[in-house]
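Working notes, beginning with the structure itself.
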Amino acid sequence: MPELPEVEGLVRSLKPIVTGKTIQSVEVSETIMTSKANGKEAVLKGTDVQSFCESMPRMTIKQIERRSKYIYFHVIKDGIPYLLVSHLGMSGAWFYVRGLHEIIEEKFKRHTHIIFYFEEGGMLVYADIRRFGELRLLKKEEDYPPLLLMAPEPFDLNALDHYLEMSTLPKYENKPIKEFIMDGHVVSGCGNIYATEALFRMRIHPNRKVKRISKERKIQLFHEIVIVLLDSIENGGSSISDYRKINGESGNMQNRLQMYGKKECPVCHAKTVQKTIGGRTSTYCGSCQR
DNA sequence: ACGATTAACCGGTGGC
DNA sequence: TGCCACCGGTTAATC
């Protein structure tokens, strides 16, 4: 599953390749067309296939940025700016290739859903096995309000204060800390993998209630989240199940994880505990984490 | 009015 | 081999 570091890596590698390129045409898979025809919001959100395909040609990509786990493609057509927003969901991936045969892994190739053909040659391909991802064309960010409610970027100066403020709200103070830090309105881009790692590094039990953690420890935990995210960015992200880089390669962070997906605690060697917290599978050490 | 729960979007994976 | 429950990031709708 792509989380913040994986999306960051993707944006960094896409940037030099597709910035300045102009979309010539769009191709949408039969699967998506059928779903959309049946009234579903599969991948292409807030639009029908036809108007999307008519809108995209002549769009020039001016800039690409990551915002939380979203990719923002800033595009322009006829002097008018638009924002193409992409979220990879559980299993989305972007590939830049000259032809589909360059996508090696069958399970991605089989689930190719959107292809942007560039005037300059080459194509930007969106593949998504489970189709939980989304693509949304906006005039501006404000046109899709949930984007405005996202927590600040974790590396922004105000991110810590925002998180501390949220932690004292009635809505959050009785929640398990893991659910709290994985909430995109609290911390941007911290999914299951990195929440699990940060909590383990802090030796905090994922089920501990937010209000039962001192301000000092909450601050330390936030720093630990930032550290593990940065460490992962440096190491090319975690390739667990369906994440791939745009050249199809895997990242390396999965080899540096201490708790996520582990059977045994690396510190005390006790068997790890697997339990659902806040609706998500959680792994932790029942004796080291309190 | 707010918070909590549920449904929606899906197919790979693993257990039996 | 075959079936089927399970899993999950995020929002929208409903309770």
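Only this structure's heavy atoms are used, side chains among them; waters, hydrogens and symmetry mates stay out.
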Quick one: which protein N/O atoms are closer than 3.5 Å to N/O atoms of nucleotides 3-5 of chain B? Pair and distance per line, please.
none

If we only count heavy atoms from C-beta on, is the Pro5(A) to Tyr194(A) side-chain gap below 4.5 Å?
yes

First of Val43(A) and Arg110(A) reached from the 5' end of DNA chain B, by closest nucleotide
Val43(A)

side-chain N/O Arg130(A) vs dT13(B) OP1/OP2, d < 4.0 Å:
no

Residue-phosphate contact under 4.0 Å: Ser35(A) side-chain N/O, dC9(B) OP1/OP2:
no

Could you state the OH-P distance from Tyr172(A) to dC2(B), rounded to the nearest angstrom?
14 Å

Please verify the inter-ring angle class for Phe95(A) with Phe108(A); under 30° counts as parallel, over 60° as perpendicular, anything in between as tilted.
perpendicular

Establish, with yes or no, whether the OP1 or OP2 oxygen of dC10(B) is under 4.0 angstrom from a side-chain nitrogen or oxygen of Arg131(A).
yes

Grab the CD1-C1' distance between Ile32(A) and dC10(B) for me, whole Å please.
10 Å

Once you measure the plane-to-plane angle for Tyr70(A) and His87(A), does it fall in the parallel (<30°), tilted (30-60°) or perpendicular (>60°) bin?
perpendicular

Using nucleotides 9-11 of chain C, report all nitrogen or oxygen pairs with the protein that are shorter than 3.5 Å.
residue, atom, partner, partner atom, Å
dG9(C), OP2, Arg280(A), NE, 3.0
dG9(C), O3', Lys69(A), NZ, 3.4
dT10(C), OP1, His87(A), NE2, 3.0
dT10(C), OP2, Lys69(A), NZ, 3.2
dT10(C), O3', Tyr70(A), OH, 3.3
dT11(C), O3', Tyr144(A), OH, 3.2

Starting at NE2 of His111(A) and ending at C1' of dC9(B), how long is that distance when rounded to a whole Å?
15 Å

Mind calculating the distance between NZ (Lys40(A)) and P (dA7(B)) to the nearest angstrom?
16 Å

Flag the pair Phe155(A) / Val226(A) as yes when at least one side-chain heavy-atom distance between them is below 4.5 Å, and no otherwise.
yes

Cation-pi check for Tyr72(A) against Arg66(A): NZ or CZ below 6.0 Å from the six-membered ring centre and within 45 degrees of the axis, yes or no?
no

For residues Thr281(A) and Gln274(A), report the shortest heavy-atom separation together with the two atoms involved.
CG2-OE1, 3.4 Å

Separation of atom CG in Asp128(A) from atom P in dC10(B), rounded to whole Å
10 Å

Give a yes/no on whether any side-chain N or O of Lys45(A) is located under 4.0 angstrom from OP1 or OP2 of dC9(B).
no

For Arg208(A) versus Arg212(A), what's the shortest heavy-atom pair and its separation?
NH1-O, 2.9 Å

In whole Å, I'd like the distance from the CG atom of Asn38(A) to the C1' atom of dC9(B).
13 Å

Whole-Å gap separating P (dC2(B)) and CD (Glu173(A)):
17 Å

Is the shortest heavy-atom distance from the side chain of Val125(A) to the side chain of Val97(A) under 4.5 Å?
yes

Do you know the tightest heavy-atom contact between Lys218(A) and Tyr163(A)?
O-OH, 2.8 Å

